[in-house]
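Quick notes on the structure that follows.
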Amino acid sequence: MKTKNDFILKKIAGSYIVVPVRQEAVDFSGIIKLSESGAFLWKSLENGAEKEELVAKLLNEYLVDEATARADVDRFIDRLNEAGLLE
């Protein structure tokens, strides 16, 4: 799974924002703001991480149980899919 190349993650004034570039800058209307953990997952998705890898990374980085990590990853992936941000 991978994020589309037409969206990049920027940290602006302490907030993580996904910014459309190229043609998406014309076609996409809106702003995508991510939490710190969302930005952490986004960076992994930029490199083509799969769901199980995302869960493992959350478990290693944050104090969270596996059920919560899986639910959070599922919700994050669903939202990115709904917004058309994944290839």
Side-chain angles (χ1 to χ4, degrees):
M1 185 171 357
K2 191 166 173 30
T3 56
K4 287 186 176 178
N5 290 332
D6 291 342
F7 295 91
I8 58 173
L9 179 67
K10 293 285 190 182
K11 187 172 184 180
I12 301 170
S15 295
Y16 293 98
I17 307 292
V18 175
V19 179
V21 294
R22 295 182 280 279
Q23 184 61 37
E24 285 297 333
V26 174
D27 296 338
F28 187 84
S29 61
I31 292 179
I32 301 160
K33 183 176 177 185
L34 298 178
S35 65
E36 183 177 326
S37 58
F40 177 78
L41 292 174
W42 179 276
K43 290 174 188 174
S44 296
L45 285 169
E46 287 179 327
N47 296 315
E50 295 299 325
K51 180 180 171 181
E52 290 303 315
E53 184 179 350
L54 295 174
V55 171
K57 286 180 177 248
L58 273 184
L59 290 171
N60 287 329
E61 186 71 18
Y62 296 97
L63 294 174
V64 63
D65 61 83
E66 186 173 347
T68 301
R70 286 189 183 284
D72 288 350
V73 167
D74 285 340
R75 187 171 42 252
F76 187 71
I77 290 170
D78 287 346
R79 288 184 179 165
L80 293 182
N81 274 324
E82 288 170 7
L85 301 176
L86 296 177
E87 292 182 349

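The distance from the CG atom of D72 to the CG atom of L54 is 11.5 Å, given to the nearest 0.5 Å. With rounding to the nearest 0.5 Å, the separation of CD in E50 from NZ in K2 is 11.5 Å. Here W42 contributes atom CH2 and L80 contributes atom CG; the two are 6.0 Å apart, rounded to the nearest 0.5 Å. Within the model, atoms OG1 of T3 and CG of L45 stand 6.5 Å from one another, a figure rounded to the nearest 0.5 Å. Atom CZ of R79 and atom CG of L34 lie 10.5 Å apart (nearest 0.5 Å). M1 CE to I77 CD1: the interatomic distance, rounded to the nearest 0.5 Å, is 3.5 Å.
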Legend entry - Criterion side-chain contact (heavy atoms from CB on, under 4.5 Å) on I32 and I17, from CA distance to verdict: CA-CA 6 Å; I32 301 160; I17 307 292; over 6 Å; no

Inset, instruction - Run the numbers on E52 and K57 for side-chain contact (heavy atoms from CB on, under 4.5 Å), then give the verdict. - result: CA-CA 9 Å; E52 290 303 315; K57 286 180 177 248; over 6 Å; no

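Summarising the geometry of F76 relative to G38, their closest heavy-atom pair is CZ-O, 3.4 Å, with the distance given to 0.1 Å. Looking at every heavy atom in both residues, I8 comes nearest to K10 through CD1-CE, 3.6 Å. A69 and L58 make their closest contact through O-CD1, 3.9 Å (heavy atoms, listed as atom of the first residue, atom of the second, distance). Nearest heavy atoms, Y62 versus S37: OH-CA, 3.4 Å.
Each of L41, N60, V73 was scored for a side chain to side chain contact (heavy atoms under 4.5 Å, CB included) with V55, with one residue passing: V73.
Checked for salt-bridge contact, K4 and E46 miss the test: no charged N lies under 4.0 Å from a carboxylate O.
Heavy atoms of other residues, nucleotides or ligands lying less than 6.0 angstrom from CD of E36 number 12 at most.
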